[in-house]
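Please read the structure below before turning to the comments.
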2 protein chains.
Amino acid sequence: MTKLETRAYSSYSRDALKLLAQMIRRARIERKLTTQELADRAGISRGLIQRIERGDPGCAIGAVFETAAIVGVRLFDADQPTMAAHLSANNATLALLPKSVRPSGKVKDDF
Amino acid sequence: MTKLETRAYSSYSRDALKLLAQMIRRARIERKLTTQELADRAGISRGLIQRIERGDPGCAIGAVFETAAIVGVRLFDADQPTMAAHLSANNATLALLPKSVRPSGKVKDDF
DNA sequence: ATTATATGGGCTATTTATAATCCAAATCGG
DNA sequence: CCGATTTGGATTATAAATAGCCCATATAAT
C-alpha cells in the first residue's frame, strides 16, 4: 500500500523540499559516492538516503541537513562563519522582541 | 531523562538547523502569531512548533519547511519561480549524469 | 555480451516522533 | 500590581520513521 497523503503541504515547501533533494542527489553523484557510502558517512541507512533524495517530507531534518553537509550542499547559500554571524545577529534581534505574543484585537495578519 | 545523544551531527548542519529555527521563531513573533495559532495553521501540534523553534534535528523536514513557509521564511533565499527554475535546471543536469555510481579504484574523495 | 554492483522497492521489527493532555512559570496588557 | 494567557516542559498513548533485511532490475565497466 502506498501511504495516502496524511498532511497538506504548500507548493512552496514542497518545491523547496524537492529542490534540496535534487541538489543532494546531484552532489552525491558528482562526487561519485554510492548511496551506501553516503549512508555510512551520515550514519543512517541506505533506505533513508533514498527517501531523502526523493524529497520525502517525513524524513528527520537532522538527517537531511547532515547528508546535505556531507555532499557539500550549502544551506542558506552560506558557509559556517556566515551562518554563525547570522545566528548571533538573530539572537540579538530576538532579545529585543517580546517573549510572548498577544494577538491585539482580532487581527492576526498584517497586510 | 534527557535523551542522550544518539547521533553525531556536523557543526555545519547543527548551525544551519539552529539558524532556520531562529528565523522561524523570529518571524512568528514579528508577525504576532501565537505558537498555538501557528500550529493550527501548519496543521501540527503546539509541542512540535516548540521543538521546531528549538532546532530539534528529529522533526520531520516537511513540518519544518511548511512552518517556515507560513511565517514567510524563504528557503534557499528564493521565491517560488526561482525555485522552479532551479528545479528544472537541476533536472536537466541530472539527466546527463550517470544513473549509478562506481567508486573507481579505491579513492572515495576528490581533492 | 558478460559480470559485478548500484539502485529501487518491499517487508518486518524496533525505535522514535507526534498529538493530546496537564501543570507551573513567565510575560504582557490593563 | 493583577488577571489573562502565552510559553515551556513533562507524560502517555498512538502513529510513523528508521534500520536491516531481502529481491528484481538497471547500470556500468570489462
Side-chain angles (χ1 to χ4, degrees), chain A residues 1-9 17 21-22 24-26 28-67 94-108, chain B residues 1-9 17 21-22 24-26 28-67 94-108:
Chain A
M1 290 286 276
T2 49
K3 180 184 65 171
L4 75 165
E5 18 187 326
T6 12
R7 289 182 195 165
Y9 293 101
L17 201 45
Q22 279 200 356
I24 291 176
R25 162 169 261 260
R26 174 178 169 180
R28 173 183 66 81
I29 296 178
E30 286 176 342
R31 296 203 164 200
K32 296 184 169 48
L33 279 175
T34 293
T35 52
Q36 185 63 59
E37 291 172 332
L38 181 51
D40 292 340
R41 292 197 185 187
I44 62 182
S45 66
R46 188 172 67 94
L48 185 50
I49 293 289
Q50 290 187 38
R51 294 207 301 137
I52 289 174
E53 292 191 351
R54 210 181 300 141
D56 190 317
C59 298
I61 193 173
V64 181
F65 276 25
E66 184 66 23
T67 302
L94 223 47
L96 304 178
L97 258 36
K99 284 106 172 76
S100 85
V101 172
R102 313 277 151 148
S104 53
K106 287 179 177 300
V107 212
K108 285 174 186 170
Chain B
M1 293 289 274
T2 48
K3 182 183 64 171
L4 75 171
E5 18 186 328
T6 9
R7 290 182 195 166
Y9 292 101
L17 200 45
Q22 278 199 356
I24 291 176
R25 163 168 260 258
R26 174 178 170 178
R28 175 184 64 81
I29 296 178
E30 286 175 344
R31 296 203 166 199
K32 295 185 169 49
L33 280 175
T34 292
T35 53
Q36 185 63 60
E37 290 172 333
L38 180 52
D40 292 340
R41 292 198 187 188
I44 62 182
S45 67
R46 188 172 68 93
L48 186 50
I49 293 288
Q50 289 186 21
R51 296 207 301 136
I52 289 175
E53 292 190 352
R54 207 181 302 142
D56 190 318
C59 298
I61 194 174
V64 181
F65 276 25
E66 184 66 22
T67 302
L94 264 172
L96 304 179
L97 258 35
K99 285 108 171 72
S100 84
V101 172
R102 312 278 153 148
S104 52
K106 288 180 176 301
V107 212
K108 285 175 186 170

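Residue numbering restarts at 1 for every chain, and letters A, B, ... go by the order of the sequence lines.
Atoms CG and CZ, from Leu97(A) and Arg25(B) in turn, are 9.5 Å apart once rounded to the nearest 0.5 Å. The line from NZ of Lys32(A) to CZ of Arg102(B) is 13.0 Å long, rounded to the nearest 0.5 Å. Atoms CD1 and CG, from Ile49(B) and Leu33(B) in turn, are 9.5 Å apart once rounded to the nearest 0.5 Å. Here the CG atom belonging to Leu38(A) is positioned 11.5 Å from the CD atom belonging to Gln50(A), to the nearest 0.5 angstrom. For the atom pair CD1 (Ile24(A)) and CD (Glu53(A)), the distance works out to 7.5 Å, reported to the nearest 0.5 Å. Between Ile52(B) atom CD1 and Leu17(B) atom CG the span is 10.0 Å, to the nearest 0.5 Å.
Summary of the strand contacts: Gly58(A) and Glu53(A) both lie near DNA chain C, and taking for each the nucleotide with the nearest heavy atom, the more 5' one is attributed to Glu53(A). Residue-to-nucleotide proximity on DNA chain D shows that, of Arg54(B) and Ala63(A), the 5′-proximal contact is made by Arg54(B).
In terms of phosphate contacts, Arg7(A) brings no side-chain nitrogen or oxygen within less than 4.0 Å of OP1 or OP2 of dA16(D). At dT7(D), one or more side-chain N or O atoms of Arg28(B) fall inside 4.0 Å of OP1 or OP2 (strictly under the cut-off).
For Ile44(B), the side-chain atoms get nearest to dA19(C) when compared with the rest of dA19(C), dT7(D), dA19(D). Of the candidate nucleotides dT6(D), dG9(D), dG8(C), dT6(D) has the atom lying nearest to any side-chain atom of Thr34(B).
Atom pair Ile61(A):CD1 and dA17(D):P shows a separation of 15 Å (rounding to whole Å applied). In this structure, the CD atom of Gln50(B) is 13 Å from the C1' atom of dA25(C), given to the nearest Å. The nearest whole Å value for the distance from the CG atom in Asp56(A) to the P atom in dA17(C) is 16 Å. In this structure, Ile29(B) places its CD1 atom 10 Å from C1' of dT7(D), rounding to the nearest Å. Between the C1' atom of dG8(C) and the CD atom of Gln36(A) lies a distance of 14 Å, rounded to the nearest Å. Atoms CG (Asp40(B)) and C1' (dA19(C)) sit 13 Å apart, rounded to a whole Å. Atom CG in Leu94(A) sits roughly 13 Å away from atom P in dT27(C) (whole-Å rounding). Atom CD1 of Ile52(B) is separated from atom P of dT7(D) by 14 Å (rounded to the nearest Å).
Contact check for Ile29(A) versus Leu94(B): side-chain heavy atoms found under the 4.5 Å cut-off. Contact of the Thr34(B) side chain with the Arg46(B) side chain is not registered, since no non-hydrogen atoms from C-beta on lie closer than 4.5 Å. Taking 4.5 Å as the limit, every side-chain heavy atom of Thr67(B) sits out of range of all side-chain heavy atoms of Leu48(B).
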With 3.5 Å as the limit, what N/O pairs link the protein to nucleotides 25-28 of chain D?
residue, atom, partner, partner atom, Å
dT27(D), O2, Arg102(B), NH2, 2.4
dA28(D), OP1, Lys99(B), N, 2.9

Could you list, one pair per line, each protein nitrogen or oxygen that sits under 3.5 Å from a nitrogen or oxygen of nucleotides 20-23 of chain C, together with the distance?
none

